[in-house]
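Everything on this sheet refers to the single structure shown next.
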Protein chains: 2
Amino acid sequence: MYSFTEENYLKNILKLHLGGTQVISTNVLAESMHTKASSVTDMIKKLAVKKLLKYEPYRGCVLTNLGKSVAVTTLRKHRLWETFLVNTLSFSWDEVHEVAEQLEHIQSDKLISQLDAFLGFPTHDPHGDPIPQLDGKIATSAFFTLDKAKSQNQLIVCGVLNHTTDFLKYLSKYGIQIGSHLSILQINAFDRSIDLLLNEKQQFNLSNEVVKNILVQFIKQVA
Amino acid sequence: MYSFTEENYLKNILKLHLGGTQVISTNVLAESMHTKASSVTDMIKKLAVKKLLKYEPYRGCVLTNLGKSVAVTTLRKHRLWETFLVNTLSFSWDEVHEVAEQLEHIQSDKLISQLDAFLGFPTHDPHGDPIPQLDGKIATSAFFTLDKAKSQNQLIVCGVLNHTTDFLKYLSKYGIQIGSHLSILQINAFDRSIDLLLNEKQQFNLSNEVVKNILVQFIKQVA
DNA sequence: TTATTTTTTTAGACAAGTCTAAATATTTTT
DNA sequence: AAAAATATTTAGACTTGTCTAAAAAAATAA
């Protein structure tokens with residue numbers, strides 16, 4: 001159907017759209033694809049011919065509905081595979097990305113629907129990102145970043161914004177993972193760092209840079 | 001490491017070796033790869049430079065130990081994925097081949113070792129073919145083809161030699177699958193077809209052409 | 001052992017995707 | 001609004017893997 005490369009371009013454009021950018025510039029896309037601007041120009045011309053995106057020279061590109069649906073499917077596959085790797089094959093959440101980057105391109109509708117069923121129709125992947133559903137809908141999470149929290153808040157870790165191995169390893173070192181409980185002890189105005197209590201046990205300080213990349217929600221009072 | 005295409009060439013050469021051919025000719029390999037002889041010549045030259053096989057112009061090629069180990073690893077991955085698809089994701093044995101052809105190229109040692117463990121370290125795939133072990137050893141099965149059977153034999157189906165969807169569907173239609181019990185009622189000399197009883201219930205006749213492609217072993221008397 | 005057929009290789013071309021370097025647009029600064 | 005800086009595109013080249021058509025080698029037949 002579509003090549004690995006085409007799917008990767010579309011997926012990256014979708015991510016930039018989801019990040020709030022309407023029109024994607026060549027340079028931004030080149031950065032996101034770890035390639036050169038000239039390569040991007042070549043490729044988006046081809047994708048435009050295939051009606052996967054709209055492209056105006058020197059202006060940038062926007063996914064069409066067709067392109068969006070391909071990209072969303074790829075994202076769905078990526079996140080289902082990440083869930084499989086962590087839940088079924090005992091990978092840690094910082095090991096799954098590269099492998100899922102490969103698995104997301106396997107072509108088989110049955111494979112994905114059976115995998116979805118096997119995993120129990122999960123709604124979020126191990127990083128807390130929503131898994132697009134078959135109809136293309138992507139849940140907008142009720143999560144917010146930890147830097148928005150207030151003193152005394154009781155929170156639960158739901159995901160991260162920075163998916164680099166370095167960052168995930170850093171969190172692992174402190175024992176922070178999906179489902180960890182955080183109590184905000186104090187917010188330090190001078191550097192916006194946060195003092196907190198992890199799982200009612202360990203107490204430590206996280207820098208604003210770290211805190212901006214941790215997604216949380218309020219602990220639900222399951223009465 | 002090695003490209004999809006390189007892995008596919010190596011895997012096909014290995015299969016031909018396992019089929020009993022010492023030196024693989026260009027035309028035979030082209031047939032097996034569904035490509036043209038000129039493409040094969042190009043590729044085996046490249047593989048020879050990489051020390052994956054030995055090649056003598058006009059004479060054919062033979063895998064080196066290095067090439068063999070790459071090929072065996074690919075075959076191991078293929079058969080583990082087929083096992084996963086059938087055992088875990090409820091695919092039928094005639095649906096798995098194409099998908100496994102894709103999955104076998106995913107690069108991740110951890111993925112394969114975890115998958116192997118998750119599946120319980122299987123020794124044979126759903127078609128009855130042995131799964132190469134980590135050390136590269138491939139069990140030589142004690143199975144034989146049904147056309148070697150004698151009248152009165154009590155047999156159990158262990159695999160097939162013909163892996164085409166058509167053939168597997170044909171067997172499914174009769175209800176023949178891995179583990180089916182067969183009692184040989186009569187061998188018809190004139191066309192070498194066999195009358196048999198399936199699972200002590202259904203009685204029917206299979207042509208020699210079909211019978212030659214079914215692997216069986218004697219029913220073990222688990223006292 | 002020469003002639004014919006078959007197999008294999010070479011030569012040259014093509015498609016996908018990438019790159020560097022140069023040219024052209026666009027945006028920002030002055 | 002012109003000059004400078006930045007962003008984008010074009011031109012031409014390279015790699016991987018494929019193909020067709022023609023040439024060369026090997027096997028087979030006469």
Side-chain angles (χ1 to χ4, degrees), chain A residues 1-14 16-17 19 21-63 67 70-71 74 101-102 104-107, chain B residues 1-14 16-17 19 21-63 67 70-71 74 101-102 104-107:
Chain A
M1 209 57 194
Y2 299 105
S3 70
F4 280 32
T5 310
E6 288 171 328
E7 288 186 353
N8 280 333
Y9 270 91
L10 296 172
K11 193 188 61 176
N12 275 277
I13 298 169
L14 177 67
L16 293 166
H17 279 323
T21 316
Q22 307 293 316
V23 178
I24 312 302
S25 78
T26 303
N27 261 6
V28 165
L29 185 51
E31 166 91 1
S32 149
M33 291 292 302
H34 305 107
T35 185
K36 297 300 158 77
S38 57
S39 308
V40 170
T41 303
D42 287 346
M43 180 54 83
I44 57 185
K45 279 185 192 169
K46 290 175 195 163
L47 296 176
V49 169
K50 295 186 183 183
K51 309 271 185 219
L52 291 161
L53 49 77
K54 268 195 279 204
Y55 164 57
E56 285 215 58
Y58 295 99
R59 296 280 137 194
C61 67
V62 178
L63 288 179
V70 174
T74 306
E101 284 288 298
Q102 299 178 61
E104 71 189 6
H105 301 294
I106 303 293
Q107 310 279 175
Chain B
M1 209 55 193
Y2 300 104
S3 70
F4 279 35
T5 311
E6 289 172 326
E7 289 186 350
N8 280 333
Y9 270 90
L10 296 172
K11 192 187 62 177
N12 275 277
I13 297 168
L14 177 67
L16 294 166
H17 278 324
T21 316
Q22 306 294 319
V23 179
I24 312 302
S25 78
T26 302
N27 260 7
V28 166
L29 184 50
E31 166 89 1
S32 150
M33 291 293 301
H34 305 107
T35 184
K36 297 302 159 76
S38 57
S39 308
V40 170
T41 302
D42 287 346
M43 179 54 84
I44 58 184
K45 279 186 191 167
K46 289 175 195 163
L47 296 175
V49 169
K50 295 188 184 181
K51 309 275 186 212
L52 292 160
L53 48 78
K54 266 195 282 204
Y55 163 58
E56 284 214 57
Y58 296 101
R59 296 280 135 192
C61 66
V62 179
L63 288 178
V70 174
T74 306
E101 284 287 301
Q102 300 179 61
E104 72 189 7
H105 301 295
I106 303 294
Q107 310 278 179

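Each chain gets a letter, A, B and so on, in the order its sequence line appears, and its residues count up from 1.
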Output the rounded distance in Å from CG (A/Leu29) to C1' (C/dG17). 14 Å
Below 30° counts as parallel, above 60° as perpendicular, anything between as tilted: where do the rings of A/Phe4 and B/Phe4 land? perpendicular
Find the distance B/Ile24:CD1 to C/dT8:C1' and express it as a whole number of Å. 16 Å
Is it true that B/Tyr9 and B/Tyr2 have ring centroids separated by less than 6.0 Å? no
Report yes or no: does A/Ser3 contribute a side-chain atom to a donor-acceptor pair with the main-chain N or O of A/Glu6 at less than 3.5 Å? yes
If C/dT30 has a Watson-Crick or G-U wobble mate with both distances under 3.5 Å, name it; if not, just say none. D/dA1
First and last nt of DNA chain D near chain A, cut-off under 4.0 Å to heavy atoms, 5' to 3', are D/dA7 to D/dT10
I'd like to know if the side chain of A/Gln102 and the backbone of B/Gln107 have a donor-acceptor N/O pair within less than 3.5 Å. yes
With nearest nucleotide decided by heavy atoms, which residue, B/Ser38 or B/Lys50, maps closer to the 5′ end of DNA chain D? B/Lys50
Look at B/Thr41 and C/dT9 and indicate whether a side-chain polar atom (N or O) is within less than 4.0 Å of OP1 or OP2. yes
Between A/Arg59 and C/dT27, is there a side-chain N or O to OP1/OP2 distance below 4.0 Å? yes
Under the criterion side chain to side chain contact (heavy atoms under 4.5 Å, CB included), which of B/Ile13, B/Leu14, B/Asn8 is the partner of B/Lys11? B/Asn8
Can you tell me if the side-chain N/O atoms of B/Tyr55 get under 4.0 Å from OP1 or OP2 in C/dT9? yes
Value in whole Å for how far the P atom of C/dT6 lies from CD of B/Glu31: 16 Å
Touch check for B/Phe4, heavy atoms < 4.0 angstrom, all strands: base, sugar-phosphate only, or nothing? nothing
Whole-Å distance between C/dT18 P and A/Leu47 CG? 10 Å
Between B/Lys36 and B/Met43, just flag the one whose closest nucleotide in DNA chain D comes earlier from the 5' side. B/Met43
Using only side-chain N and O atoms of A/Ser3, determine if any of them is under 4.0 Å from OP1 or OP2 of C/dG17. yes
Touch class at under 4.0 angstrom, heavy-atom based, for A/Ser39 against every strand present: base
I'd like to know if the side chain of A/Gln22 reaches the main chain of A/His17, judged simply by a donor and an acceptor atom lying under 3.5 Å from each other, with no hydrogens or angles considered. no
Hey, could you give me the CG/CD1 distance between A/Leu16 and A/Ile24, rounded to the nearest 0.5 Å? 4.5 Å
B/Tyr58 vs C/dT6: side-chain N/O to OP1/OP2 distance below 4.0 Å: no
Distance in angstrom units between A/Glu7 CD and C/dA16 P, rounded: 16 Å
Can you measure A/Lys46 atom NZ to C/dA15 atom P for me and round it to whole angstrom units? 11 Å
